[in-house]
Asks: 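Got a structure for you, questions after.
Quick note on labels: first sequence line is chain A, next is B, and so on, each numbered from 1. Atoms considered below: every heavy atom in the structure, side chains included; atoms not considered: hydrogens, waters and symmetry mates. Please read all numbers here as calculations on a predicted model, not as lab measurements.
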There are 2 protein chains.
Amino acid sequence: MRRPTLEAVAARAGVSRATASRVVNGQTTVAPQIRDAVQRAIDELGYVPNSAARSLVTQRTDSIALVVSEPPTRVFSEDPLFSTVIRSASYELEAVNKQVVLMLASSAESHARVERYIAGGHVDGVMLISMHGADPLPSALSRLRVPVVSYGRPAVPVEIPYVDNDNVGGAETAVRHLVGLGRRRIATIAGPQDMIGGQDRLTGYRNVLHDSDHRSIVAVGDFTRESGAVAMRQLLRDDPSLDAVFVANDLMAVGALQSLRQAGRRVPDDVAVVGFDDIEAARYTEPPLTTVRHPIAEQTAAMVGLLLRLFGEGPAVPVILPTELIIRESA
Amino acid sequence: MRRPTLEAVAARAGVSRATASRVVNGQTTVAPQIRDAVQRAIDELGYVPNSAARSLVTQRTDSIALVVSEPPTRVFSEDPLFSTVIRSASYELEAVNKQVVLMLASSAESHARVERYIAGGHVDGVMLISMHGADPLPSALSRLRVPVVSYGRPAVPVEIPYVDNDNVGGAETAVRHLVGLGRRRIATIAGPQDMIGGQDRLTGYRNVLHDSDHRSIVAVGDFTRESGAVAMRQLLRDDPSLDAVFVANDLMAVGALQSLRQAGRRVPDDVAVVGFDDIEAARYTEPPLTTVRHPIAEQTAAMVGLLLRLFGEGPAVPVILPTELIIRESA
DNA sequence: TGCTCATGTGGGAGCGCTCCCCACCCGGAG
DNA sequence: CTCCGGGTGGGGAGCGCTCCCACATGAGCA
């Protein structure tokens, strides 16, 4: 009980394999009644082209891998980053008739499997999301002869076109806003320093403080809500007189707000708070969170565009998207 | 600049294509020094087998699709169900050298794409996670001539082997526990009734109440924390004298505990609470949550086993895994 | 010495498809 | 009536691989 082949379709329609192939691929040089006959045969037999045979000759698969090189705990968290990227990438690639294949690469073994899968020619290209410095995948994938683009600047210097948002600039704008508010002791809760976003946002904070002659007060979290709460308590112990805090992501900012409330500090009267990411929850905190928005969907679309340009042999240069300060009530 | 072929490897090693193929596929009938020569040629050329050509002849791809037919908001939520299934399925299939390809099918268009992808022979089999009654995928996939198994009983009657946990039995055990505690007015917060888990857990609740001559008090949530809080307030309005509540999942139970606290009810003294799922957070609620544990990883492993049996032409009968009542302090 | 037989190796077909190239048909022009 | 040319259709090669079968080689035994 084998699947019907193009040969069978052609025989049933009384035409050659070549003509049947033309109909399947929508070529216009086929006479209408022949086209109809072939179409009928296809429907009757339930014919579906064998993708292996097709891609053997075309050297294309029309599938794109989206490799998420993060531990599952982070991928499946409250942070909507990954779900937005996945949805948006699928949407963009559907428009050009390509299928997204999602692969999670957390452990060393899964890295190896992903690499083998891609080296085997299962996909035409790779979109990589990898935020950690120690990640071996960016360099490993760039060695394979496969078009690769990255969401976010790769942590290691490697020849991969990428799309990123302006983390440094966004952080600078946020801290400058706090300075403009007349705040004197501006602390920060930084993200993990083995992640590119964590590094860049801290750099932005430092740039502004340095220029404006403030002292920096730093605590480091790991981008989770809980770590934000812990870091905030730490900061309050370190410098009880602080009157502002720039938090490197909204999830930690939510935790920080909670710690501030427990410590009896009013926001923004006693302490102004600015977050980063503009997640959904930022609108519903008490008070609503001032934060830096970066356009995830646009960034993803730009990444897809970059990959398509790679297919077309066009030049693919890194893209940096601007961020926007969303002023609510917390600062 | 093409990828090297087996032909090239054979030529470089001074052997035939057949022998080179034997080495690549680890057959033992090759003389050691020839094996070494071929291996050296492979390494020098950086040869990787072309998967399209291979699967064209073997009729296998060694890839398995894991189709998650849920909206991304649910997949990427606090509920660790999906991340556990994905991780566990990958782990199990790695052991038999198969690659998991993850596909999200939320919209009607993505259903169509997934169907086409599978019909095109990209994968050897499909693991389906689909909880909603209206979902067209189970029947659509079962029509294709592809081995399909399901995580959870399909909502529509369809010829797909599945692995499920004993939702009805688990709910019965939970409610019987409340009855045994001497509780008289036992309410429930049910899950969405278009989902199989929501239905079954409500059935279990009704079975026990009916047998033990209690009155049923039902509110319906949608498995989110917030909906649990809302439903609990609703129940307290409906019947202020209730002294126990069975909640269809832990996330809603967390919300319910919050509402009970706000209403000034002590748990378990005034109101006993039992949840379902035994998520991580259930240990850290105040008080820790009594709940029904079902083994997600084991269920996933059983599902993988079912699929492998399908490949081996073995009989594949539905598997129902037992649940376990975890008694903590809330009931 | 001649035969068998196990062990390794090579030749070649064929998986299902696309696409190049050529043959054919028909209408219109000379 | 012949010839030409554009539009249609078919033949066939070949994508890179696996696997069946034939065959070479040398050890072991009569």
Asks: Assign B:Ala31 to base, sugar-phosphate, or nothing according to its heavy-atom contacts below 4.0 angstrom with the strands shown.
Replies: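 Sugar-phosphate, backbone atoms only, no base.
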Asks: Mind checking if A:Val15 touches a base, just sugar-phosphate, or nothing, with heavy atoms under 4.0 Å?
Replies: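 Sugar-phosphate, backbone atoms only, no base.
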Asks: Whole angstroms only, please: what is the NE2-P distance between A:His122 and D:dC17?
Replies: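 In whole Å, D:dC17 P lies 13 Å from A:His122 NE2.
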Asks: Between D:dG14 atom P and B:Asn50 atom CG, what is the distance in whole Å?
Replies: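 Nearest whole value for this atom pair: 18 Å.
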Asks: For B:Ile34 and B:Ala53, find the nucleotide of DNA chain C closest to each by heavy atoms; which residue's nucleotide sits nearer the 5' end?
Replies: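 So the residue in question is B:Ile34.
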Asks: Using heavy atoms to find the nearest nucleotide of DNA chain D for B:Glu7 and A:Val30 separately, return the residue whose nucleotide is more 5′.
Replies: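 With B:Glu7 and A:Val30 compared, the 5'-side residue is A:Val30.
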Asks: Looking at the side chain of B:Thr19, which of C:dC15, C:dT18, C:dG10 is the nearest nucleotide?
Replies: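 Out of C:dC15, C:dT18, C:dG10, the nucleotide with an atom closest to B:Thr19's side chain is C:dG10.
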Asks: If you assign B:Gln59 and B:Gln33 each to the DNA chain C nucleotide with the nearest heavy atom, which residue ends up on the more 5' nucleotide?
Replies: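 Comparing both residues, the 5'-ward one is B:Gln33.
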Asks: Apply the test side chain to side chain donor-acceptor pair (under 3.5 Å) to residues B:Asn165 and B:Arg153: give CA-CA distance (whole Å), side-chain angles for both, the deciding distance (0.1 Å), then the verdict.
Replies: CA-CA 9 Å; B:Asn165 60 68; B:Arg153 179 161 56 86; over 6 Å; no
Asks: Going by side chain to side chain contact (heavy atoms under 4.5 Å, CB included), A:Val9 matches just one of A:Asp43, A:Val24, A:Val38, A:Val15. Which one?
Replies: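 Looking at A:Asp43, A:Val24, A:Val38, A:Val15, the match for A:Val9 under the side chain to side chain contact (heavy atoms under 4.5 Å, CB included) is A:Val38.
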Asks: C:dG16 phosphate, OP1 or OP2: any side-chain N/O from A:Thr5 under 4.0 angstrom?
Replies: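 A:Thr5 to C:dG16 OP1/OP2: no side-chain N or O under 4.0 Å.
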Asks: Applying the side chain to side chain contact (heavy atoms under 4.5 Å, CB included) criterion to A:Tyr162, which one of A:Ile320, A:Val148, A:Val317 satisfies it?
Replies: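 Of the listed residues A:Ile320, A:Val148, A:Val317, the side chain to side chain contact (heavy atoms under 4.5 Å, CB included) partner of A:Tyr162 is A:Ile320.
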Asks: Measure from CZ on B:Arg35 to C1' on C:dG8 and round the result to the nearest Å.
Replies: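 Spelled out: CZ on B:Arg35 to C1' on C:dG8 is 12 Å.
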Asks: Does B:Arg22 get its side chain close enough to the base of C:dG10, under 3.5 Å, for a donor-acceptor pair?
Replies: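 Such a pair is found, so the answer is yes.
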Asks: How many whole angstroms separate atom CG of A:Asn25 from atom C1' of C:dC17?
Replies: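 Result: 9 Å.
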Asks: Any donor-acceptor pair under 3.5 Å linking the side chain of B:Ser110 with the backbone of B:Ser106?
Replies: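 Answer holds: yes.
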Asks: By nearest atom, which of the nucleotides D:dC17, C:dC17, D:dG10 is closest to the A:Arg54 side chain?
Replies: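 In terms of side-chain proximity for A:Arg54, the closest of D:dC17, C:dC17, D:dG10 is C:dC17.
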Asks: Go through it in stages, so that I can follow the logic: the residues are A:Ser130 and A:Tyr151, the test is side chain to side chain contact (heavy atoms under 4.5 Å, CB included), and I'd like the CA-CA distance, side-chain angles, deciding distance and then a yes or no.
Replies: CA-CA 7 Å; A:Ser130 173; A:Tyr151 184 98; over 6 Å; no
Asks: Check the distance between D:dT18's P and B:Arg60's CZ and give it to me in whole angstrom.
Replies: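 About 10 Å, once rounded to whole Å.
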Asks: Expressed as a whole number of angstroms, how long is the span from A:Leu56:CG to D:dA13:P?
Replies: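 Interatomic distance, CG of A:Leu56 to P of D:dA13: 17 Å.
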Asks: The side chain of B:Ser21 lies closest to which of these nucleotides: C:dC19, D:dT18, D:dC17?
Replies: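 Closest nucleotide among those given: D:dT18.
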